[in-house]
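Below, read A as the first sequence line, B as the second, and so on, with proteins coming before strands; counting in each chain starts at 1. Side-chain atoms are counted along with the backbone in the values below, which use heavy atoms only and exclude waters and symmetry mates.
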Amino acid sequence: MKKVLITENLRIDLDSEQWECRACGAELIGARENYKRGLLVYDRDPREIHKPLLDPDHYEFTYAPNPQWCRILEYYCPRCGSMIETEYLPPGHPPIHDIELDIEALKRQWKDRPEVQEAAVGQEYPRPVAHGGPRAARLYTGEGA
Amino acid sequence: MNDNNITPDQQAMLDRFVRQNKLFYAPDPAIMENHRIDPRSEIEQRLLSGEVDPHKINEVRGLIISALDESNTMIEQMGAAPGAKWGDMTTGIFTAAGDLSMIAPHGVGGFAAAVFYPIKFINKYWTDEPTVGVREGDGFIHNDARYGGIHNTDQSMMMPVFWDGQLVCWVSATIHEGENGATEPGGMPAAAESKFDEGLKMSPFKVVENFELKRDLVTFLQNSVRDPKLQLEDMKVRLHSCLRLRERVVKLLEEHGAEALIMTLRKHIEDVVDEVRRRILELPDGTMRTVSFADSTLRESALLKLNMAITVKGDKLTVDMRGSSPELVNRSINTCQASFKTMLYSGWMQNVWPDLPFTMAVFTPFDFVFDEKSIVNGSFDTPQAMSLIPLFKTMTIASIPMAKFNYSLPNRYTAMVAPQYDQPATLIYGGITQHNEFTGNFCADINGMGQGGRSHRDGEHSVSPPFAAHCDLGEIELMEEDLPLVRLGAFTLTKDRAGFGKQRSGLGYEQIHTFRGSALWGYMTGCTGSLFPSAQPLFGGYASPAYPLCKIKGINVFDELQKNPERVPFDIVRLMNERAIEGATYSTHPSAMTFELAQPGEVYMLCQGAGGGYGDVLQRDPALVMKDLEEQLISDDTARDIFKVAYDSASRLVDEQGTRALREQERRARIARGKPFDEFVKTWSTPEPPAHLPYMGCWGADVNTVYGIMMGERVKMSATALQSQFMLNPKDVRIAQLEAEVAALKRAG
């Protein structure tokens with residue numbers, strides 16, 4: 001049985017052709033479907049997350065998004081409640097079908113690839129130190145921290 | 001006489017006539033819409049068909065890169081523009097045909113990646129033009145993005161290099177110059193309503209002969225801008241940087257011969273094309289989609305969509321921007337497709353494949369699809385002076401779909417990262433300095449965006465602009481020597497204004513500006529994201545917050561600092577909430593402001609922004625939340641409400657069991673309040689944008705219908721027949737509102 005990691009929170013089981021939650025392993029929906037159809041959605045007022053820092057009694061703009069312009073769609077795993085995805089959209093804008101994979105091609109691609117259970121981190125390239133000096137470079141790389 | 005059949009001789013004569021009597025050498029779509037490298041020239045074909053010595057190529061490449069590094073450092077050391085001081089420049093080398101081969105290691109790649117367009121224009125039109133020509137010792141200048149470039153503040157010098165009478169390569173030097181004589185100072189006029197308000201609009205022309213600047217043309221350019229000293233100085237800097245680069249290339253030619261140079265420049269880009277095809281092939285086949293919104297035209301609030309779908313099939317990758325906002329014929333935030341591709345490429349090289357050599361050849365295997373007359377494929381007549389609005393979003397937008405393509409790969413070319421902050425949050429200034437000089441430019445804060453959260457660690461604070469990893473913020477003290485600006489708060493990180501997530505974004509910082517010692521001084525800002533957050537999150541994180549422009553007017557803060565210094569904390573939130581300065585007017589605004597004059601001691605404040613958060617906030621390590629508290633990056637409120645950590649406020653010791661319980665409780669609450677997707681969309685999705693929203697772009701998945709705003713009214717258009725949108729003058733709109741109020745009051749009274 002081979003599973004392919006698709007995002008931080010989702011994987012596809014190539015044998016069962018199911019989207020799965022990576023936090024709890026729940027089967028969400030068929031891999032050929034929009035994975036969002038296997039999740040719960042909540043329409044969040046953005047002011048609950050990005051709270052007004054300036055007094056709303058005095059100011060129209062407060063560092064909080066305007067709820068008439070912007071909503072946050074939060075997508076949850078129906079079994080464990082992990083937040084699988086978020087989407088910032090104007091009110092009423094249909095959710096984006098953000099991931100649409102060719103499952104047959106995916107199966108062919110992974111036929112001879114060994115399964116990856118923990119995602120690789122990938123290299124971070126050191127930045128030039130011309131302006132910040134070696135101390136800034138150490139802060140960036142974490143070296144000596 | 002009605003017979004239209006003409007002989008081949010007649011056709012040839014007609015073609016010659018048309019060629020010799022061209023009315024206007026406008027940007028050539030055959031050049032501007034072609035981002036791919038040219039086919040091999042005859043000599044490249046001959047050289048690369050034979051044996052290629054990789055060691056020789058590597059040796060020559062090393063010599064070129066070292067020469068590029070030196071010439072770029074020359075600009076950094078000598079350049080007068082603020083941009084040049086903090087890294088906003090580059091030098092580059094191109095094949096004889098004009099394809100970008102290499103840039104300086106610390107250069108801004110987008111500059112060189114845009115300069116291949118004007119070089120191809122020069123090759124095509126000026127080489128055989130008897131009144132121009134391309135000869136040894138010539139140099140060409142250019143700034144109009146319609147002929148290639150990012151925006152018209154950037155000026156380039158392009159110089160052909162000949163060997164044995166043959167053109168063997170081109171070299172270039174580019175600086176973000178700033179001031180260019182536009183309708184507002186600083187070169188990025190939000191108020192431009194037509195391209196004729198944009199200031200200098202240099203199509204590529206010859207400004208250097210026999211290796212010397214033509215002083216008559218330099219004078220014309222100086223006479224066209226607010227800062228003639230800057231114009232002259234940096235033209236000299238670009239010329240001498242190119243001359244030094246040319247000198248090093250000539251030495252290389254003497255030592256290794258022209259064939260080695262030609263082979264190296266071409267092989268370098270062909271190898272990149274091969275590698276990119278291999279990388280596309282290893283991605284999963286499919287389509288990834290994302291959207292990004294700008295909430296202002298810089299003159300009025302409006303929600304403008306950038307709509308992106310990236311499709312991979314085998315070794316083909318297609319970037320589809322259909323459904324994006326239509327172009328605005330009297331607003332400056334349009335961009336042409338060449339600039340769009342260049343900046344998409346710049347962001348790609350920062351976030352997706354930063355290990356590849358910096359050459360536009362990376363995009364040779366890519367296909368692009370645009371609607372005609374969209375905001376990212378603007379037509380020739382649209383103003384594009386503030387193209388940075390869509391272009392900054394362009395630089396980060398691909399981070400989301402490409403993260404979804406790349407996540408599964410067994411081998412990653414760099415760390416997974418959420419989008420960086422994507423708006424030019426900096427003050428643009430203009431006026432007379434304390435040295436009695438007229439100037440206009442921008443602050444280097446444009447280089448201080450917070451990074452998005454990464455898969456394995458938080459994003460960095462105020463790290464760089466999204467177009468170049470190495471650019472720096474500038475030294476405030478140095479700026480204050482030249483300008484009347486005084487920074488009361490410079491680099492205080494913006495507490496609680498982050499993209500929250502499992503890995504939070506890097507934060508931006510506060511900028512608290514005032515000035516003294518000038519009788520004529522003012523500001524503009526060209527930034528969106530005060531209503532709708534700019535930097536989007538990745539994999540279940542939260543976005544950056546929204547950022548307003550804040551002002552304290554009607555007082556002189558220097559007087560207050562003498563009398564009551566305790567009433568002027570160097571902290572935007574405290575300043576604005578405590579409202580302690582007597583007689584002051586405190587106000588907040590969208591972060592887009594056309595140029596306005598200020599009085600000495602008045603205060604203008606904005607924030608550099610945060611990137612997007614990465615992953616679920618409930619998965620954040622509680623110890624990292626405590627570290628954020630300790631570093632004053634977040635408040636107790638955020639630690640408890642957003643991250644759901646239980647801890648002792650005094651000692652900041654985490655109650656692990658309590659935290660587990662809080663988080664479990666929140667997960668259960670999510671399940672309780674969430675609705676199944678199909679049920680949710682039935683009540684959520686609307687067939688059209690809400691009536692209250694000034695919306696531009698497609699709505700939902702249907703890219704065939706695009707909404708716009710024409711003369712204040714919503715219009716619905718076929719994507720294949722977009723119309724340029726004409727916006728009402730905001731002052732006329734305001735006058736109409738006030739007249740209506742007066743009329744209503746009269747009726748009531």
### Query
With chain B, which of A/E60, A/R22, A/R108, A/R11 has the greatest number of heavy-atom pairs at distances under 4.5 Å?
A/R22
### Message
Counting heavy-atom pairs under 4.5 Å with chain B, which one of A/I96, A/L89, A/I49, A/I84 comes out on top?
### Response
A/I49
### Task
Tell me, for B/L693 versus chain A, whether the close heavy atoms (under 4.5 Å) come from the side chain, the backbone, both or neither.
side chain
### Query
Do the side-chain N and O atoms of A/Y76 and A/E74 include a donor-acceptor pair separated by under 3.5 angstrom?
yes
### Task
Assess the side chains of B/S530 and B/S591: does a donor N or O sit below 3.5 Å from an acceptor N or O?
yes
### Message
Need one label for B/Q619: side chain, backbone, both or neither, based on atoms under 4.5 Å from any heavy atom in chain A.
### Response
side chain
### Query
With the threshold set at 4.0 Å, does a side-chain nitrogen-carboxylate oxygen contact exist between A/E100 and B/K404?
no
### Task
Against chain B, work out which of A/Y42, A/Y75, A/W110 has the most heavy-atom pairs shorter than 4.5 Å and name it.
A/Y42
### Message
If you count heavy-atom pairs within less than 4.5 Å of chain B, which of A/L106, A/V116, A/D55, A/L53 leads?
### Response
A/L53
### Query
Is it the backbone or the side chain of A/R37 that comes under 4.5 Å from a heavy atom of chain B, or both, or neither?
both
### Which portion of B/K495 sits near chain A, non-hydrogen atoms under 4.5 angstrom
backbone
### Query
So, is the end of the B/R412 side chain (NZ or CZ) under 6.0 Å from the ring centre of B/Y407 and within 45° of the ring's axis?
yes
